[in-house]
Amino acid sequence: MIIILKEGFKPGMPEMEQLEKVAMRYPDLKLSPHNVKGAIETISEVYVFGPTTQVPLEAFDELPFVEKVFRVNSKYKIIGRHEGQTEVGGFDYNGVRFDQDNLNVFAGLCAVDTREHVEMMLKGLKEVGLQTTRMGAYKPRTSPYDFQGHGAKCLPYVFELAGKYGIKVIAMEITHESQLTEISYALEQSGNPTGVMVQIGTRNAQNFELLKHVGAQQEFPVLFKRGMGITLEESLNACEYIASNGNHNIIFCLRGMKTNLGDPHRNLVDFAHVPVVKRQTRLPVCIDPSHSVGKKVMAPDGLLDIQHAAAQGIIAGANMILADFHPKPEAALCDGPQALLMRELEHFLEDIAITREAYLKRRQEAKRFAESQG
Ligand code: PEP
Ligand code: MN
């Protein structure tokens, strides 16, 4: 059960004692207050955990400071979109808005290799007006003999250069909770010139202890990548692990599924699931066309498969794009074959803008049609 409080009422106010009193009338109920920061206002919600089936909605609804009470029938208690909930959800982080209505492009290096390449990448982003990027420092690799990432060593120059080029958010995968402290320390040492969104990679999608750790901290938002070989439901449950530990600033990323049926692409593109995730949850949805397609190949129409995949996600309403670029893909230490060139960045963004416009027009048309039906 979720109780939405009227504007101006917040957890911690004396009125909340009345909620506690109502809860005490029923056995084993536990109240958990949360603030949901929207673009315009902050909504305060109180989750009621425990055996709520016998609790009538009116018990809470009749209190004067209660706006609405929902019965939560989905298993995604916190991330779920429950009956009657129409809000876009989302959050702000370091001056950047993330929700189910907008679109952010994170173009950058799959893995940090040299300071020079980081600088070329970030300079290129500034030139096109982007303030969000991806930079892998801790890389989970299939083979132990492959480049594992520079780890904490590269963080000082990555953060310094991010500050120099006005980058506000860097998506960065972590593979162990100790890396949260390393990132936090390096940010502080460099004077917090940028922000970090910690990424949980597909290989750690069901590493529940890691999920609990990223959930228990509030410093960094979390980009969760769908598990490559598990169901959507299992991946969403993994996100609920993060949320139920306290951190609700989560973005769900589709990155393709591992199956030979996707050949010759690296993974089978699953971007038709964008609307599914938006319907079942209030999480903004990211797509990663680079790791889905896995190679830089072009169709006879002059568009790269990666661009086509990106367009499929955007036309379906994606809110974030993660894309691999590299100033010298042939020298990249990780995923060079799927990296686009710096000179292709502007064209890539233009193609995205065209598709996004088409998506917004589709929404308008759907609204017009719904209104015409009365
Ligand atoms: C990545 O984004 O660098 C990555 C390793 O992705 P995934 O976890 O989706 O394979
Ligand atoms: Mn990669």
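As the structure lists them, so they are numbered: ligands from 1, and atoms in each ligand from 1. No experiment lies behind these values; they were computed from the predicted model shown. Note that these values count all heavy atoms, side chains included, but never hydrogens, waters or copies made by symmetry.
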Does any non-hydrogen side-chain atom of Phe220 lie less than 4.5 Å from one of Val214?
no

Looking only at protein heavy atoms, identify the closest one to atom 6 (O) of ligand 1 and say how far it is in Å.
Lys225 NZ, 2.9 Å

Is the distance between the ring centroids of His248 and Phe91 under 6.0 Å?
no

Closest protein heavy atom to atom 5 (C) of ligand 1, given as residue, atom name and distance to 0.1 Å:
Glu173 OE1, 3.6 Å

Just which atoms of ligand 1 are under 4.0 Å from any heavy atom in Arg203?
8 (O), 10 (O)

Does Gly136 come within less than 4.0 angstrom of ligand 1, counting non-hydrogen atoms of the residue?
no

Just say parallel, tilted or perpendicular for the rings of Phe325 and Phe348, cut-offs at 30° and 60°.
perpendicular

If you define the side chain from C-beta out and look only at heavy atoms, does anything of Asp335 sit under 4.5 Å from Ser290?
no

Just to confirm my output: which protein heavy-atom neighbour is closest to atom 8 (O) of ligand 1, and how far is it?
Thr202 N, 2.8 Å

Excluding sequence neighbours, so at least two apart, what forms ring pair (Phe, Tyr, Trp, His ring centres under 6.0 Å) with Phe271?
none

Strictly by modelled atom types, are His291 and Asp288 linked by a side-chain donor-acceptor pair under 3.5 Å?
yes

Give the minimum heavy-atom separation between Thr142 and Arg203, together with the two atoms involved.
OG1-NH2, 4.1 Å

Please state which protein non-hydrogen atom is closest to atom 4 (C) of ligand 1 and give its distance, to 0.1 Å?
His291 NE2, 3.5 Å

Would you mind listing which atoms of ligand 1 come within a distance below 4.0 Å of any non-hydrogen atom of Gly201?
8 (O)

Using 2.8 Å as the cut-off, count the protein N, O or S atoms closer than that to the Mn ion (ligand 2).
3

Quick one: which ligand 1 atoms are inside 4.0 Å of a heavy atom on Cys110?
3 (O)

Closer than 4.0 angstrom: is that true for some heavy atom of Lys139 and an atom of ligand 1?
yes

If you scan protein heavy atoms around atom 9 (O) of ligand 1, the nearest is Arg255 NE, 2.6 Å

With the side chain counted from C-beta on, respond yes when Leu155 and Met172 share a heavy-atom pair under 4.5 Å apart, and no when they do not.
yes

Strictly distance-based, threshold 3.5 Å: is any side-chain N or O of Glu357 a donor or acceptor partner for the main-chain N or O of Ile354?
no

Are the side chains of Arg141 and Cys334 in touch, meaning some heavy atoms are under 4.5 Å apart?
yes

Does even one non-hydrogen atom of Gln199 get within less than 4.0 Å of ligand 1?
yes

Are Gln179 and Thr175 close enough that a side-chain donor and a side-chain acceptor fall under 3.5 Å?
yes

